[in-house]
Amino acid sequence: MNEIKSLYIIVEGQTDARILHTLLNCTRYKKVYHIPAGGFANLSSMATTIRLMQAPKEAANKIVVAFDADSEKKNVINDRIATMRYLTGADYDNRIGVFCFVPTIDVALFPKGFPKNKGDVVELTEYIIKHLEELREMDIIKAIQAFIDEI
């Protein structure tokens with residue numbers, strides 16, 4: 001099947017889901033699900049459940065797992081990525097993409113400072129739209145977008 005069906009973007013929190021929803025172009029997919037899983041430990045469980053519910057090797061559906069490193073130490077970052085890849089099966093299933101924000105999504109995407117009230121959806125969205133092109137040029141966003149776009 002070459003038809004693109006569903007995209008699952010699994011993140012830690014609701015704000016992370018909002019940020020990626022605004023930044024990523026997912027128009028190639030019929031259905032896009034932004035899933036805040038509630039923390040690092042829950043991400044792999046959610047991704048694995050979705051992967052196992054899919055038909056084997058169903059290339060039309062993709063799963064993005066994006067999380068915070070919660071550290072700037074290279075060994076911690078590498079361990080978190082390796083752990084997530086292992087737990088989700090990303091090493092052998094090319095439908096799963098694993099992406100890590102260093103040290104957090106807030107710091108990685110908003111080095112000049114996050115909007116004043118992080119929980120204010122309107123303020124956050126306006127900030128992202130104002131800086132949309134600049135944010136989309138960041139390496140991590142370009143990497144996620146490239147994974148989403150590849151068939």
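Scope of the values below: all heavy atoms of this structure, side chains included, with no hydrogens, waters or symmetry mates.
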Determine all donor-acceptor pairs shorter than 3.5 Å in which one atom belongs to a side chain in residues 31-41; sequence neighbours excluded.
unit_1, atom_1, unit_2, atom_2, d
His34, NE2, His21, ND1, 3.0

Exercise for the section: Just jot down the side-chain contact (heavy atoms from CB on, under 4.5 Å) partners of Thr27, sequence neighbours excluded, or say none. Expected result: Asn25

Fill in the blank from the handout: side chain to side chain donor-acceptor pair (under 3.5 Å) filter on Gln145, not counting sequence neighbours, yields Asp149

Handout entry: Partners passing side chain to side chain donor-acceptor pair (under 3.5 Å) against Asp91 (at least two apart in sequence or in another chain)
Key = Arg85

Problem - Residue that, paired with Leu135, satisfies side-chain contact (heavy atoms from CB on, under 4.5 Å) out of His131, Glu137, Glu133 - result: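 Only one option passes, and that is His131.
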
Looking only at heavy atoms, what is the nearest atom pair of [X] and [Y], with distance?
| X | Y | value |
| --- | --- | --- |
| Gly89 | Ile96 | C-CD1, 4.4 Å |
| Val64 | Ile148 | CG2-CG1, 4.1 Å |
| Arg136 | Thr22 | NH2-O, 3.6 Å |

Problem - Ile10 side, atom CD1; Ile50 side, atom CD1 - distance, nearest 0.5 Å - result: 4.0 Å

Fill in the blank from the handout: dist Ile19:CD1 -> Leu24:CG (nearest 0.5 Å) comes out at 11.0 Å

Handout entry: Hydrophobic cluster (4.5 angstrom, side-chain heavy atoms) - remaining members for Tyr86
Key = Leu87

Handout entry: Polar side-chain atom of Arg95 near backbone of Ile63 as donor-acceptor pair, under 3.5 Å
Key = no

Handout entry: salt bridge (charged side-chain N to carboxylate O under 4.0 Å, His left out) involving Asp79 - partner list, sequence neighbours excluded
Key =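 Checked Asp79 against salt bridge (charged side-chain N to carboxylate O under 4.0 Å, His left out); zero matches.
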
Handout entry: Residue list, salt bridge (charged side-chain N to carboxylate O under 4.0 Å, His left out) with Glu134, at least two apart or on another chain
Key =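 Glu134 satisfies salt bridge (charged side-chain N to carboxylate O under 4.0 Å, His left out) with Lys112 once adjacent residues are dropped.
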
Enumerate donor-acceptor pairs with a distance under 3.5 Å from any side-chain N or O in residues 65-76 to protein atoms, sequence neighbours excluded.
unit_1, atom_1, unit_2, atom_2, d
Asp68, OD1, Ile105, N, 2.8
Ser71, OG, Lys73, N, 3.0

Handout entry: NZ or CZ of Lys5 within 45° of Tyr29 ring axis and under 6.0 Å
Key = no

